[in-house]
J.: 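Once you've had a glance at the structure underneath, I'll fire off some questions.
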Amino acid sequence: MPQITLPDGSNRDFDSPITVAAIAESIGPGLAKAALAGRVGGVLVDTSHAVDEDAEVAIVTERDKDGINILRHSCAHLMAQAVQRLFPKAQVTIGPVIEDGFFYDFAFERPFTPDDLAAIEKTMEAIVKEDLEVERSIMSRADAVAMFKDMGEAYKVEIIESIPGNEDLSFYKQGEFIDLCRGPHVPSTGKFKAFKLTSVAGAYWRGDADNEMLQRVYGTAWASKKDLKLYLQRLEEAEKRDHRKLGKQLGLFHFQEEAPGMAFWHPRGWTLYQTIQGYMRKVQQDQGYLEINTPQLVDYSLWEKSGHAAKFSEEMFSVESDNRMYAIKPMNCPCHIQVFNQGLKSYRDLPLRLAEFGSCHRYEPSGSMHGLMRVRSFVQDDGHIFCTEQQIQSEVADFMELLFAVYRDFGFDEVILCLSTRPEKRVGSDEIWDQAETALKEALNATGLPWELVPGEGAFYGPKIEYSLKDCMGRIQQCGTIQVDFFTPGALSAQYVAEDSSRKTPVMLHRAVLGSFERFIGVLIEQFGGAMPAWLAPEQAVILNITDKQSEYCQKLQESMKNKGFRVSADLRNEKIGFKIREHTLQKIPYLLVVGDKEVESGTVAVRKRRGEDLGAMTFDDFCMHLSQDVAQFGRSENSPSAEHPD
RNA sequence: GCUCGCAUAGCUCAGGCGGUAGAGCACUUCAUUGGUAAUGAAGAGGUCCCCGGUUCAACUCCGGGUGUGAGCUCCA
């Protein structure tokens, strides 16, 4: 005699166990038709699920976020069915939901082509028209293995054999297609209204590069054609913010074949770069860092001692000269230890914070390179803090504070935090690891922000926190990091004299706020869609004359602003004002200063912002004041990307 | 590194089922001195990524390479 409580608090009594579908029917035929699944006591179930005791029940439809995800998950099954109709030899593997869509991995004798995708999509539409019922069933492991073996589905057999425990498994069948799946799923294949297959790519079985490569087909599914269209438009908009595209349009940098993965910075891009570096130099000085500089080329033996050669020799560029082997430095820490090792250090010298804008080269796999986000030549705002174990906690806390202040200045409010803890292969005692992991955890908890624990992914020498930002396509880009290192200082003989006169090995904290300048600038460009806030804009203002008559006055203004430290140019070409405004607006220059006879007479400039906002005429001094104030507030508040979104 | 796609003027892109190519913008010259997102006219500009092969003939077809895009793997 189940009593069902609906989300609005009302109760319904039923004489016997009742399915979610029947509950929906009892509420109304419209809801019954829209029902994709149910939520019983907070757990998602199929509409065919029978409720046999008192429970809170909600009907899940496409208006529910879970409903959309179920739709996407079922759409992956729909696609798998279509693939097997067209290509009976294709084997199914896994097909999960991802952000905005789904994918399914197939094992097939040849890769799928774009034409295949179109055919698969057509077959999917046909199956939707067939409106096949989706039936859930339970099978024992033995029966399931036998069935999939019989079907020639070797991967499914492997999946079942790798699932621990002995409980029965659930299956979903629609027409001739059956798949092992936890569910829930939509009640029938007629429920799909809008989907699209978006791309094919290779993907390793079980994510292991030693395994065979499968064919992964990506798709997206929505509650309506309109939602699908909006999604595709959103993608198009995001693509306009692509830093590679904007880098070209705004003349910031370029890449060319002769230097794969290495940027050529142009005047404007380099101005941006230098502005950021100058800012970081200042904030680090304020935090007690001492800036140093170390060689690009260092004898290979140092990398052997530090342990890097053993692990990364394939990814290091090397140079032979004078019968000596050098590596182009892939990181700065061994060099920083050399600086530390000069002269005898006392515990009184600790913590010693060394910083370097260190240029590094790494031979990244060709397929992993991506614009500025993943390059072979980059500069880190690198720093190494030499300290005692007791100082770890406060140093980590200070670093976190610095990092968040910097990110806020750049307009990043959303930072993804991950803690990677001890891996199986590691150095150092468990007590020291406990201490270091606790220090990092406490620093993370102190932020009050959510963070993710990634067990076993720490470096062999210590745990680490990674700070990531999202790019225009929602991909996660790791920028900042702090890592506790118990190993490298000892490996390179770093020591200090302790209070009791004994020699001790310092702990080293590797840390970077921005990480690679290249990657950070890539993310920054995408964050602002190229419309950099005034403090970062390579050109903060451009002065435009109406006719030749005002040229001299414009040049005087430009000179005066340059002397005040602003980045300003003058466009004195014989072009119409509308033409010039269009051009500099497209270049996303924050302020356009129009000067005609009126302005010359009154000593003013007519100020227009890049989004078209007209600030009217103001005296030249007032404008300089305005710009100073804008610069002073960095990327915060009114300069946030949402307030200053381009176009 | 792996899978699939792409590579044509400075940029963005057309094009031809094999007969050495085109637009818009940019550039140069001339005219125009015009008040808030494109003034007009003329001109110049290409080893159709590179190396092989097939062919009377290859930018086009085939093979290899390089770069690049999406994804996978990796990321000290």
Side-chain angles (χ1 to χ4, degrees), chain A residues 98 103 105 110-114 116-117 198-218 239 242 244-245 248-249 251 254-261 303 306-316 329-334 360 362-371 373-374 376 380 457 459-461 464 466 473 475 478 481 483 485 487-488 510 515-516 519 544-551 572-586 592-599 606-614 616-617 647:
Chain A
I98 51 172
F103 68 75
D105 286 349
R110 64 166 178 83
F112 294 123
T113 64
D116 291 334
L117 281 202
T198 48
S199 65
V200 236
Y204 299 108
W205 167 236
R206 291 188 183 278
D208 185 337
D210 291 333
N211 289 341
E212 60 275 32
M213 187 161 262
L214 307 172
Q215 299 299 315
R216 175 170 297 180
V217 181
Y218 284 90
E239 275 167 28
D242 190 311
R244 292 164 298 191
K245 202 172 220 175
K248 212 179 263 184
Q249 278 169 11
H254 86 271
F255 288 92
Q256 65 184 54
E257 279 198 27
E258 288 81 353
W303 308 105
S306 73
H308 290 103
K311 213 172 166 208
F312 295 108
S313 64
E314 299 273 292
E315 287 80 34
M316 282 159 64
K329 71 174 170 184
M331 55 186 333
N332 306 299
C333 44
C360 296
R362 296 178 183 175
Y363 184 80
E364 299 286 358
S366 57
S368 66
M369 289 192 291
H370 179 91
M373 306 296 193
R374 186 84 177 266
R376 288 184 174 160
Q380 283 177 310
E457 289 299 307
F460 68 94
Y461 52 69
K464 62 179 175 186
E466 290 181 344
M473 299 304 288
R475 288 173 293 224
Q478 192 229 304
T481 186
Q483 313 185 358
D485 187 347
F487 171 73
T488 319
H510 305 246
S516 127
R519 177 178 301 161
L544 314 173
N545 59 345
I546 301 283
T547 73
D548 286 347
K549 269 190 279 177
Q550 304 92 30
S551 293
L572 307 178
R573 291 175 301 171
N574 173 17
E575 297 290 353
K576 288 188 163 182
I577 193 67
F579 178 86
K580 293 186 193 178
I581 283 178
R582 176 181 159 78
E583 222 169 58
H584 298 291
T585 301
L586 290 174
L592 310 186
L593 310 181
V594 177
V595 175
D597 287 338
K598 277 188 289 186
E599 286 75 20
V607 182
R608 181 187 162 110
K609 296 184 83 170
R610 65 186 148 204
R611 296 188 66 210
E613 190 187 346
D614 188 357
D647 303 319

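As the structure is a computational prediction, the values presented were derived from the model and not from experiment. Note on naming: letters A, B, ... go to the chains in the order of the sequence lines (proteins, then strands), and numbering restarts at 1 for each one.
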J.: Can you find a donor-acceptor N/O pair under 3.5 angstrom joining the side chain of A/Tyr204 to the base of B/G71?
T.: no
J.: Taking the side chain of A/Lys576 as its heavy atoms from C-beta onward, which of B/U39, B/G5, B/G35 lies nearest to it?
T.: B/U39
J.: With a 4.5 Å heavy-atom cut-off, do A/Arg362 and A/Met331 have their side chains touching?
T.: yes
J.: From the list B/C4, B/C2, B/U36, which nucleotide is the closest neighbour of the side chain of A/Pro111?
T.: B/C4
J.: Taking 5.5 Å and 30° as the limits, would you call A/Phe579 and the base of B/A38 a stacked pair?
T.: no
J.: Is A/Glu364 side chain donor-acceptor paired with the B/G1 base, going by distance under 3.5 Å alone?
T.: no
J.: Hey, which of these two, A/Tyr218 or A/Pro330, hits RNA chain B nearer its 5' end, going by closest nucleotide?
T.: A/Tyr218
J.: Checking all strands, does A/Gln478 fall into the base, sugar-phosphate, or nothing category for heavy-atom contacts under 4.0 angstrom?
T.: nothing
J.: How would you list, by chain and number, every residue that makes a side chain to side chain contact (heavy atoms under 4.5 Å, CB included) with A/Met213, sequence neighbours excluded?
T.: A/Tyr204
J.: Provide, to the nearest angstrom, the distance between the CG atom belonging to A/Asp208 and the P atom belonging to B/C2.
T.: 16 Å
J.: Could you state the CD-P distance from A/Gln483 to B/A76, rounded to the nearest angstrom?
T.: 7 Å
J.: May I ask you to say what A/Lys464 touches in the nucleic acid, namely base, sugar-phosphate or nothing, with a heavy-atom cut-off under 4.0 Å?
T.: sugar-phosphate
J.: If I pick the C1' atom on B/G67 and the same atom on B/C49, what distance separates them, to the nearest angstrom?
T.: 8 Å
J.: Just so I know, are the side chains of A/Arg610 and A/Leu592 near enough to count as touching, which here means a heavy-atom distance under 4.5 Å?
T.: no
J.: Sticking with atom C1', work out how far B/C56 lies from B/U20, rounded to a whole angstrom.
T.: 15 Å
J.: Between protein and nucleotides 28-32 of chain B, what N or O pairs are separated by less than 3.5 Å?
T.:
{"from": "B/U32", "atom 1": "N3", "to": "A/Asn574", "atom 2": "ND2", "distance (Å)": "3.1"}
{"from": "B/U32", "atom 1": "O4", "to": "A/Asn574", "atom 2": "ND2", "distance (Å)": "2.3"}

J.: Expressed in angstrom and rounded to an integer, what is the separation of A/Leu586 atom CG from B/A37 atom P?
T.: 12 Å
J.: Please evaluate the base of B/U36 for a donor-acceptor partner in the side chain of A/Asp614 within a cut-off of under 3.5 Å?
T.: no
J.: Anything under 30° is parallel, anything over 60° is perpendicular, the rest tilted; go ahead and classify A/His510 against A/Tyr461.
T.: parallel
J.: Nearest of B/G1, B/C4, B/C72 to any side-chain atom of A/Pro365?
T.: B/G1
J.: Could you tell me which residues satisfy side chain to side chain contact (heavy atoms under 4.5 Å, CB included) with A/Lys245, sequence neighbours excluded, listed by chain and number?
T.: A/Asp242, A/Gln249
J.: What nitrogen or oxygen pairs link the protein and nucleotides 10-16 of chain B at under 3.5 Å?
T.:
{"from": "B/U12", "atom 1": "OP1", "to": "A/Lys248", "atom 2": "NZ", "distance (Å)": "3.1"}

J.: Using side-chain hydrogen bond (donor to acceptor under 3.5 Å, both in side chains) as the criterion, list what pairs up with A/Thr488, not counting sequence neighbours.
T.: A/Asp485
J.: Figure out the CD/P separation between A/Glu457 and B/C75, and round it to whole Å.
T.: 8 Å
J.: Between A/Lys580 and A/Val594, is there a donor-acceptor pair closer than 3.5 Å when you use the side chain of the first and the backbone of the second?
T.: no
J.: Heavy atoms from C-beta onward define the side chain here; which of B/G34, B/C72, B/A70 lies closest to that of A/Ile546?
T.: B/G34
J.: Checking all strands, does A/Gly578 fall into the base, sugar-phosphate, or nothing category for heavy-atom contacts under 4.0 angstrom?
T.: sugar-phosphate
J.: If pairs are Watson-Crick or G-U with both distances under 3.5 Å, what is the dot-bracket string of RNA chain B, marking crossing pairs with [ ] and pairs to another strand with |?
T.: (((((((..((((.....[..)))).(((((.......))))).....(((((..]....))))))))))))....
J.: Apply side chain to side chain contact (heavy atoms under 4.5 Å, CB included) to A/Asn574 and list each qualifying residue two or more places apart in sequence or on a separate chain.
T.: none
J.: Going by the rule ring-ring contact (aromatic ring centres under 6.0 Å, His included), which residues pair with A/Phe460 if we only count those two or more places apart in sequence or in a different chain?
T.: A/Phe487
J.: Considering only side-chain heavy atoms of A/Arg582, which listed nucleotide, B/G35, B/A37, B/C72, is closest?
T.: B/A37
J.: Are A/Leu593 and A/Val607 packed together at the side-chain level, in the sense that at least one heavy-atom pair is separated by less than 4.5 angstrom?
T.: yes
J.: Only counting residues at least two apart or in another chain, list the ones meeting side-chain hydrogen bond (donor to acceptor under 3.5 Å, both in side chains) with A/Thr585.
T.: none
J.: So which nucleotide from B/G5, B/A76, B/U3 ends up closest to the side chain of A/Arg362?
T.: B/A76
J.: How would you label the contact of A/Glu613 with the nucleic acid (heavy atoms, under 4.0 Å): base, sugar-phosphate, or nothing?
T.: nothing
J.: Looking across every strand, which nucleic acid part, if any, lies under 4.0 Å from A/Gly207 by heavy atom: base, sugar-phosphate, or nothing?
T.: sugar-phosphate
J.: Please work out if A/Tyr461 contacts a base, only the sugar-phosphate, or nothing of the nucleic acid, heavy-atom cut-off 4.0 Å.
T.: sugar-phosphate
J.: Just checking A/His370: base, sugar-phosphate only, or nothing, at a heavy-atom cut-off of under 4.0 Å?
T.: sugar-phosphate
J.: From the options B/A37, B/U3, B/G35, select the nucleotide whose nearest atom is closest to the side chain of A/Met213.
T.: B/U3
J.: Whole-Å distance between B/A70 P and A/Met473 CE?
T.: 8 Å
J.: Can you tabulate the close N/O pairs, meaning under 3.5 Å, that link protein atoms to atoms of nucleotides 66-68 of chain B?
T.:
{"from": "B/U66", "atom 1": "O2'", "to": "A/Glu257", "atom 2": "OE1", "distance (Å)": "3.2"}

J.: Rounded to whole Å, please give me the gap between CD1 in A/Ile98 and C1' in B/G71.
T.: 10 Å
J.: When we call it a touch if two heavy atoms are under 4.0 Å apart, what does A/Arg608 touch: a base, just sugar-phosphate, or nothing?
T.: base
J.: Test of understanding: with side-chain hydrogen bond (donor to acceptor under 3.5 Å, both in side chains), list the residues that count as partners of A/Asp116, not counting sequence neighbours.
T.: A/Arg110, A/Thr113
J.: Can you tell me how far P of B/G35 sits from CG of A/Asp548, to the nearest Å?
T.: 14 Å
J.: Return the nearest nucleotide to the side chain of A/Arg475; candidates are B/G35, B/U36, B/G71.
T.: B/G71
J.: Write down the distance between CZ (A/Arg374) and C1' (B/A70), rounded to a whole number of angstrom.
T.: 16 Å
J.: For A/Glu258, enumerate each residue passing the side-chain hydrogen bond (donor to acceptor under 3.5 Å, both in side chains) test, keeping only those at least two apart in sequence or located in another chain.
T.: A/Gln256
J.: So, is A/Lys580 near the phosphate of B/A38, with a side-chain N or O under 4.0 Å from OP1 or OP2?
T.: no
